[in-house]
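Following: one structure in structure tokens, then a few remarks.
One-based numbering along the sequence shown. Quick caveat: nothing in here was measured; it's all calculated off a predicted structure. These numbers come from the heavy atoms of this one structure, side chains and all, not from hydrogens, waters or symmetry mates.
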Amino acid sequence: MIRVDGRTLRCADVVAAARTEGPLEIDVSIAALRAAEHAWKLAGELSTRRVVYGRTTGVGANKDDPVESSVEHGLRLLRSHAGGSGDEMPPGQVRAMLLIRLNQLLTGRSGLSPELIGALAEAVRTGARPRVHRLGAIGTGDLAPLAEAALALTGERPWVTGHVPPVPVRAGDALAFMSSNAATLAEATLAAMRLNTLTRASHAVAALTYVALDGNPEAYATPVHEARPHAGQVACAAEMRRLLGMHQTPKPGRRIQDPFGLRAFPQVQGPALDAVHYLRDVLAVEINASTENPMISTVHNDAYHHAHFHTAYVSTALDQARATVHQVAELSVARLGDLVEPEFTGLRPFLAAGPPGSSGVMILEYVAHDALTELRQAALPATLGTAVVSRGIEDHASFSTQAARAATAACSAYQQVLACELVAAVRALRMREADLVELPVREAFDAASAVLDPGLDDRPLTGDIAAAVGVLDRLARI
């Protein structure tokens, strides 16, 4: 059961909604519905005695054009803004978008009519999904996708799955419904939670490589990280000590100092852990925030014009998360290079087991570097660009929408990188017959071994990589 009250929606709830095909159990707050209705009544009353953007005026550069607050004006706004293009938005993102928008509306500051809120709640509850296009936002409000969703609720646009009885658009409903970044927040939240899973899984993957390479434990020792106690770095080192059973600093490994892939892992993974944590905090605020412009305040009995539609917090947090995860992925590729090197493993080049000249896992480096290059492109900052639209009135954009899309791409690439390292680490440990019985990371080895082909002859590794991707969620929970 997901509580929808405008205050307590969690990022995990958004993921659950995205993954649920069909009906979704939601508990919509009656008190929040009443507050939203109060705001709707106040918005109508305010429109009779003062200028209210989007209700008694046009929008964008038409802000100074007086209009009659009417149903016809609202329908014109929705129809003109429902110009999304490109591919259809993925089903999970649409479901997450609808849940987030419903929750935002229940903060009680939009002035949206109770009928439209009720229809949206019914769509979320029954799993009805409107046809929404992917393109049409730049981080200053998801106008196109939300207009498409609103017109589906009114019966003017199609549903892909299910449907709800059409409801009328009331005066002032159009901008009140569109004034949100719910589609962007949906994709950002799904990506953030995936990055959270992958960064947790990367501890287990790195720990398996550590055992395969006879790593030096001093790099993870408590005294080392007490000397420079960044939160993420300390947490990473502690997790490595836990997985490797380092209740106290054990005897040094074969080398006085390991390559950076192992030795600098806490220092590089730490910023990624911190960045993903911060991103989740930002999104937790956003999905429970009132972003409608204007904001209808029943407490102050007035309307306020503002810029909550601007999502610089989201875009910069996404940029930081992708950049830090890229650095961690670079270390994973570096450790993969160590795993195919006899000097570090004591095994044959490329972990080969066949006749001389066998390639073993040679191809994994190519796959990993290909994926790392995709991740590098996805990590480029989206916030360095801007846009000037609507005849110069809207003269800045956060591009959080594009930053969220890049985060989705980063997740896909990063999991491929980790999978390549995992395949090689498990193979090396099998060939060495390493003793993992006493170590907590043994659970990770067993989970991966259960899905990875035990054969060592030269063969296509496509299936192994896919299986390794599939087990990462399990490794994140160890």
Flag for [Y]-[X]: side-chain donor and acceptor within less than 3.5 Å:
X	Y	answer
Arg241	Thr222	yes
His225	Gln233	yes
Gln267	Arg228	no

Practice task
Please assess Arg131 against Glu88 for the test salt bridge (charged side-chain N to carboxylate O under 4.0 Å, His left out), listing each intermediate value before the final yes or no.
Solution key: CA-CA 7 Å; Arg131 176 165 289 121; Glu88 289 187 17; 2.7 Å; yes
Handout entry: Derivation of the salt bridge (charged side-chain N to carboxylate O under 4.0 Å, His left out) call for Arg477 and Asp473
Key = CA-CA 7 Å; Arg477 298 190 296 270; Asp473 281 28; 5.1 Å; no
Handout entry: Within residues 277-288 or reaching into it, pairs that qualify as salt bridge (Lys or Arg N to Asp or Glu O under 4.0 Å) - sequence neighbours excluded
Key =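 Listed once each, the pairs would be none.
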Practice task
Using the salt bridge (Lys or Arg N to Asp or Glu O under 4.0 Å) rule, collect all pairs that involve residues 371-384, keeping only residues at least two apart or in two chains.
Solution key: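 Every candidate salt bridge (Lys or Arg N to Asp or Glu O under 4.0 Å) pair involving residues 371-384 fails, so no pair, neighbours aside, qualifies.
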Handout entry: Least distance between heavy atoms, Leu185 atom then Ile100 atom
Key =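 Answer, listing the atom of Leu185 first, then Ile100: C-CD1, 3.9 Å.
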Practice task
Would you name the heavy atoms of Thr311 and Ser398 that are closest together and state the gap between them?
Solution key: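 So the minimum-distance heavy-atom pair works out to OG1-OG, 2.8 Å.
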Take atom [atom1] in [X]; do more than 12 heavy atoms of anything else shown fall under 6.0 Å from it?
X	atom1	answer
Arg459	CZ	yes
Tyr278	OH	yes
His277	NE2	no

Exercise for the section: Kindly determine whether Glu25 and Arg3 satisfy salt bridge (charged side-chain N to carboxylate O under 4.0 Å, His left out), including the steps that lead there. Expected result: CA-CA 9 Å; Glu25 290 189 75; Arg3 176 71 170 172; over 6 Å; no
Practice task
Please step through salt bridge (charged side-chain N to carboxylate O under 4.0 Å, His left out) for the pair Asp446 and Arg474, ending with a clear verdict.
Solution key: CA-CA 11 Å; Asp446 290 343; Arg474 169 82 182 276; over 6 Å; no
Has the side chain of [X] got a donor or acceptor atom that lies under 3.5 Å from a matching backbone atom of [Y]?
X	Y	answer
Arg322	Ala403	yes
Asp142	Thr184	yes
Gln416	Val367	no
Arg19	Gly92	no
Arg157	Ala152	no
Asp319	Ala382	yes

Handout entry: CD-CZ distance between Gln104 and Phe177, expressed to the nearest 0.5 angstrom
Key =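 It is 10.5 Å, given to the nearest 0.5 Å.
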Problem - Nearest-0.5 Å distance that lies between atom OG in Ser179 and atom CG in Leu112 - result: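 So the OG of Ser179 and the CG of Leu112 are separated by 11.0 Å.
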Practice task
Answer yes when Glu21 and Arg129 have at least one side-chain N-carboxylate O distance shorter than 4.0 Å, and no when they do not.
Solution key: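 Salt bridge: no.
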Handout entry: Side-chain ion pair, Arg125 and Asp27, N-O less than 4.0 Å
Key =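 No, Arg125 and Asp27 are not salt-bridged.
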Exercise for the section: Measure centre to centre between the rings of Tyr210 and Tyr220, then say whether the value is under 6.0 Å. Expected result: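 Judged by ring-centre distance (under 6.0 Å), Tyr210 and Tyr220 do meet the cut-off.
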Exercise for the section: Kindly write out the residues that satisfy side chain to side chain donor-acceptor pair (under 3.5 Å) with His203, not counting sequence neighbours, or none if the list is empty. Expected result: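 His203 satisfies side chain to side chain donor-acceptor pair (under 3.5 Å) with Gln269 only.
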Handout entry: Lys NZ or Arg CZ of Arg335 over Phe265 ring: under 6.0 Å, within 45°
Key =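 Positive - Arg335 is close enough to the ring of Phe265 and near enough to its axis.
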